[in-house]
2 protein chains.
Amino acid sequence: MAKRLPEGWLRRIQLAGYRLTRPRQAVLGVLAESEVALTVAEVHRRARARYPRLGLVTVYRTLDLLVSLGLVHRLPAETGGQLYIRTDLQPPSHHLICRVCHRVVEIPCTGLEEMTHEIEQVTGFAVQGHWLELFGLCPTCREEREK
Amino acid sequence: MAKRLPEGWLRRIQLAGYRLTRPRQAVLGVLAESEVALTVAEVHRRARARYPRLGLVTVYRTLDLLVSLGLVHRLPAETGGQLYIRTDLQPPSHHLICRVCHRVVEIPCTGLEEMTHEIEQVTGFAVQGHWLELFGLCPTCREEREK
DNA sequence: CCCCCAACTGAAACTGATTTTCAGTTATCA
DNA sequence: TGATAACTGAAAATCAGTTTCAGTTGGGGG
Ligand SMILES: [Mn+2]
Ligand SMILES: [Mn+2]
Ligand SMILES: [Zn+2]
Ligand SMILES: [Zn+2]
């Protein structure tokens, strides 16, 4: 079950001048192994299995670090708070999140560019950015539901 | 400046079995008169001008009430927290929010339906809902910026 | 190999937004 | 004009996240 840290995470972190401490390694390991997006509390819970002294503050700090290095995505959750999941090799885009298990797939925002142009024409606004998030059920949770 | 309460607000509230109290009237009046989306704190500040004893808790409660009756939209703000603005006659849809003054225009999500179908095919997810929010500058704030 | 010290840590206190609790007030209707 | 269920504000609680600070430690230099 102990999947390797994604290629280059350790290198990325040290090259950026950060130290590779035990608390960080615990958080890194948890993020590296999860295929679904995790809440901060869940990251804390899991990482404590690897390093029991780990404080919640350090989880927040390490998640911020990983996000700033582009290794992890931060997604606003429907219910408030944030979810975290490794970016891995997928291009940054938008997310489709399973409401049950928090599995995440990235989706392109095909068509939004033209939509944006149209909206600028009609409204006179200068559109500077957008938020797009889709919610639903992943294939697995969908099956589960049908039983 | 004292614009009338939008057609039917009072009726809607009483028909739904709610009482029309002074604190509620203060909050209602503020929402009714604002053309831009307001934070809870701002609603509180303005409503106190009409009814100084008004507590913040009642602002929250009244906003929840108005949202549940469909009279007011609750929009997640980029910076955390929520913004509130009357739904008025516009159809429920998505929002384009001015980053400076919080003016809001509603936008249709043209093209998202087909996009959704495509995504369901590719990912196997059942898409149940989405969040789309655009951010930018309204014509006025845009001009202001240019000076 | 070990030492040094800036980077890093956890505890605790803090913040800002929102919710819960509860004892007192009030809008409405018989 | 009551009676009373709905409603209220104050205060305390909760929840996510941040700040502070005194103590700890990874890892490059000697
Ligand atoms: Mn996009
Ligand atoms: Mn839509
Ligand atoms: Zn799922
Ligand atoms: Zn504006």
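Keep in mind that the numbers below use all heavy atoms, side chains included, and drop hydrogens, waters and symmetry copies. Each chain gets a letter, A, B and so on, in the order the sequences are listed, and its residues count up from 1.
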- Least distance between heavy atoms, L75(B) atom then E133(B) atom: CB-OE2, 4.0 Å
- Task: Kindly give the heavy-atom pair with the smallest separation between G70(B) and T87(B), and that separation in Å.
- Result: O-OG1, 2.8 Å
- Message: Would you say E106(B) and H73(B) are linked by a side-chain donor-acceptor pair, where the criterion is simply a distance under 3.5 Å?
- Response: yes
- Query: For I13(A) and dC8(C), what is the distance between atoms CD1 and P respectively, to the nearest whole Å?
  - Reply: 11 Å
- Query: Looking only at side chains, do Y51(B) and R22(B) share a donor and an acceptor under 3.5 Å apart?
  - Reply: no
- Query: OP1, OP2 of dA27(C) versus side-chain N and O of R24(B): anything below 4.0 Å?
  - Reply: no
- Query: Taking NE2 from H44(B) and C1' from dT18(C), how many angstroms apart are they, rounded to a whole number?
  - Reply: 14 Å
- Item | Where protein sits on nucleotides 17-30 of chain D, one letter per nucleotide: B base, S sugar-phosphate only, - none, heavy atoms under 4.0 Å | BBBB----BBS---
- Task: May I have the distance from L28(A) (atom CG) to dT9(C) (atom P), rounded to whole angstrom?
- Result: 11 Å
- Task: Count the heavy atoms of every other residue, nucleotide or ligand shown that sit under 6.0 Å from CD of Q128(A), and state whether that count exceeds 12.
- Result: yes
- Task: May I have the distance from L15(B) (atom CG) to dA27(C) (atom C1'), rounded to whole angstrom?
- Result: 16 Å
- Starting at CZ of R48(B) and ending at P of dT8(D), how long is that distance when rounded to a whole Å? 15 Å
- Item | Salt-bridge criterion met for R50(A) and E33(A) (N-O under 4.0 Å) | yes
